[in-house]
Structure formats: C-alpha cells, structure tokens
Amino acid sequence: MKLTEVATQRFVDNITSITPGALKGGLMTVSRHPKKDELLIGGADGTPKIYRMHREKKRVIGDDFNLIRAFEQMPGRVCAVRFSADGSLVAAGSTSEEKGEVRIYQAADGKLVAKLDGQRGAVYAVAFSPDGKRLASAGFDGLVRLNDVHTGKLLKEFVPVPLHAKLASAP
C-alpha cells in the first residue's frame with residue numbers, strides 16, 4: 001500500500017512493508033479509521049491489519065514499522081474490512097473455498113468480539129449500522145445479513161433487490 005498526495009500525484013511513502021513476501025499476496029480491501037490516520041487492510045494472506053498512515057521514523061529496508069496490529073488469520077482471503085463509526089471496532093469478511101466468515105474485533109487490542117452467524121458463502125462486503133449495534137454483510141449468495149455486533153447472532157437476512165422472472169416474448 002502506498003501513500004500518494006492526490007493534488008500533485010506525488011508518491012509520499014510505502015505504508016506497508018516493501019519486503020518481498022511480507023504481505024504474502026495482494027491487498028484486496030482498505031478502510032480508513034474515522035478519527036485517526038490509520039488504515040485497516042485485508043487481502044490474500046487472510047490477516048486483517050491496521051497500519052499507521054504516516055511514517056514516524058526513517059525507513060529501513062525490511063521493516064514493517066507502520067504496522068500497529070495484526071489480527072488472527074481468517075480462513076482464505078480477506079475481501080472486506082470496515083471500521084465502526086467511532087473506530088472502536090473492526091469487521092472483516094473472508095472467503096475460502098465457497099465458504100465465508102465474518103469476524104468483529106476490538107480495534108485497540110485485537111480481542112475477538114464475535115464471529116457472525118449465518119454466512120453461507122464468500123463474503124465481499126461489510127458495513128456497520130450508524131449506531132454500531134448491527135453489522136451488514138453480503139457476498140456470493142446474493143443475500144444481505146444483519147447480525148448483532150456483540151453476540152454475532154443473525155437478526156435478519158434478505159434479498160436486497162427485487163427479483164423477477166424474465167418473461168419470454170412471443171415471436
């Protein structure tokens with residue numbers, strides 16, 4: 001992950017390690033902390049991570065100084081990450097061999113808050129409700145699921161758009 005000044009298109013710094021193999025695959029998702037210059041990332045290595053956006057000490061080849069926290073590895077690739085509105089929680093959704101998993105962690109210490117019930121396929125999107133009490137997740141099966149953030153209990157699932165059978169026209 002790289003930091004670039006948009007106005008001038010000037011490269012500023014590498015945020016993640018530039019050591020070959022440090023990330024063990026590509027990045028797939030990024031979410032910015034709502035109150036701090038921190039970035040939550042996920043990707044092919046299956047480990048959600050929080051990085052400091054701006055370097056506070058001189059770069060040394062092979063360092064990963066901007067890494068604040070690595071969460072426990074999830075099954076497969078992490079395809080979706082999100083901070084809660086107050087930045088106290090993070091959610092991550094993954095996919096592995098047509099199965100998905102969503103976890104919620106405390107951002108400050110990495111403690112697991114909940115694993116969400118009801119996932120039946122790859123997860124590609126997660127979002128906290130504005131009040132932070134529910135998490136929406138969606139993925140390959142086309143359903144949106146709403147879960148309780150603190151217990152992981154499935155509250156509701158629904159098809160997000162109306163589906164209609166296509167009618168064949170007469171020749």
Side-chain angles (χ1 to χ4, degrees), residues 1-4 6 15-17 23 25-56 64-96 98-163:
M1 184 166 38
K2 298 182 181 299
L3 180 63
T4 302
V6 174
I15 295 172
T16 56
S17 174
L23 292 174
L27 299 180
M28 299 178 76
T29 181
V30 176
S31 177
R32 184 173 179 173
H33 192 288
K35 299 177 181 180
K36 301 176 186 176
D37 284 342
E38 295 178 1
L39 300 161
L40 173 63
I41 68 164
D45 68 357
T47 304
K49 297 173 184 154
I50 297 177
Y51 277 89
R52 185 176 297 105
M53 188 182 302
H54 300 282
R55 180 166 288 280
E56 296 174 355
D64 202 7
F65 175 77
N66 284 352
L67 178 65
I68 295 170
R69 174 163 300 92
F71 298 90
E72 63 186 340
Q73 188 171 2
M74 297 181 69
R77 298 168 185 253
V78 174
C79 298
V81 293
R82 188 68 56 105
F83 278 103
S84 61
D86 66 1
S88 67
L89 299 174
V90 300
S94 73
T95 177
S96 177
E98 300 176 18
K99 295 178 184 164
E101 186 167 297
V102 178
R103 297 180 188 171
I104 299 172
Y105 298 96
Q106 292 179 1
D109 62 10
K111 180 181 176 188
L112 180 67
V113 173
K115 287 185 184 180
L116 276 54
D117 295 338
Q119 304 305 319
R120 294 191 301 266
V123 177
Y124 299 124
V126 294
F128 285 93
S129 62
D131 65 6
K133 294 180 180 178
R134 292 172 308 284
L135 186 87
S137 61
F140 187 76
D141 67 359
L143 297 175
V144 173
R145 290 178 180 79
L146 300 177
N147 292 73
D148 181 275
V149 165
H150 297 287
T151 66
K153 180 181 175 188
L154 180 63
L155 303 172
K156 182 179 183 179
E157 65 181 15
F158 57 93
V159 176
V161 295
L163 300 176

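Just so we're clear, the structure is a prediction, and the values are computed from it rather than from any experiment. The analysis underlying the following values was restricted to heavy atoms, covering all of them including side chains, and did not include hydrogens, waters or symmetry mates.
- Distance alone, capped at 3.5 Å, places no donor-acceptor pair between the D117 side chain and the N147 backbone.
- The side-chain hydrogen bond (donor to acceptor under 3.5 Å, both in side chains) search around D86 returns S84, S88, not counting sequence neighbours.
- Between the CD1 atom of I68 and the NZ atom of K49 there is a distance of 13.5 Å, given to the nearest 0.5 Å.
- Interatomic distance, CD1 of I50 versus NE2 of H33, reported as 7.0 Å (0.5 Å rounding).
- Here the CD1 atom belonging to I104 is positioned 12.5 Å from the NZ atom belonging to K115, to the nearest 0.5 angstrom.
- In this structure Y105 satisfies the ring pair (Phe, Tyr, Trp, His ring centres under 6.0 Å) test together with F71, sequence neighbours excluded.
- Screening residues 30-42 for salt bridge (Lys or Arg N to Asp or Glu O under 4.0 Å), with sequence neighbours left out, gives R32-D37.
- Considering every non-hydrogen atom in both C79 and V123, the closest pair reads CB-O, 3.4 Å.
- Heavy atoms only, all atoms of each residue included: L154 and G118 are closest at CD2-CA, 4.2 Å.
- Applying the side-chain contact (heavy atoms from CB on, under 4.5 Å) criterion to A92, with sequence neighbours excluded, gives P48, M74, V78, V81.
- Between G142 and P160, the shortest heavy-atom contact is O-CD, 3.1 Å.
- Under the rule for a side-chain contact (heavy atoms from CB on, under 4.5 Å), the partners of P75 that lie at least two apart in sequence or sit in another chain are S94, S96, E101, R103.
- At least one donor-acceptor pair under 3.5 Å links the side chain of R69 to the backbone N or O of A108.
- To the nearest 0.5 Å, the span separating OG1 on T151 from CG on L116 amounts to 8.0 Å.
- Taking the side-chain contact (heavy atoms from CB on, under 4.5 Å) definition, one finds that L143 meets it with R120, D141, R145, E157, V159, sequence neighbours left out.
- For residues 119-163, no pair satisfies ring pair (Phe, Tyr, Trp, His ring centres under 6.0 Å), with sequence neighbours left out.
- Residue pairs meeting the salt bridge (Lys or Arg N to Asp or Glu O under 4.0 Å) criterion with at least one member in residues 121-135, sequence neighbours excluded, are D131-R134.
- Within a 6.0 Å sphere centred on CD of E98, other residues, nucleotides and ligands contribute 12 heavy atoms or fewer.
- Considering CG of L39 and OG1 of T29, their distance stands at 11.0 Å, rounded to 0.5 Å.
- We find the OG-CD1 distance between S31 and I41 to be 11.5 Å, quoted to the nearest 0.5 Å.
- Q73 meets the side-chain contact (heavy atoms from CB on, under 4.5 Å) test with T47; sequence neighbours excluded.
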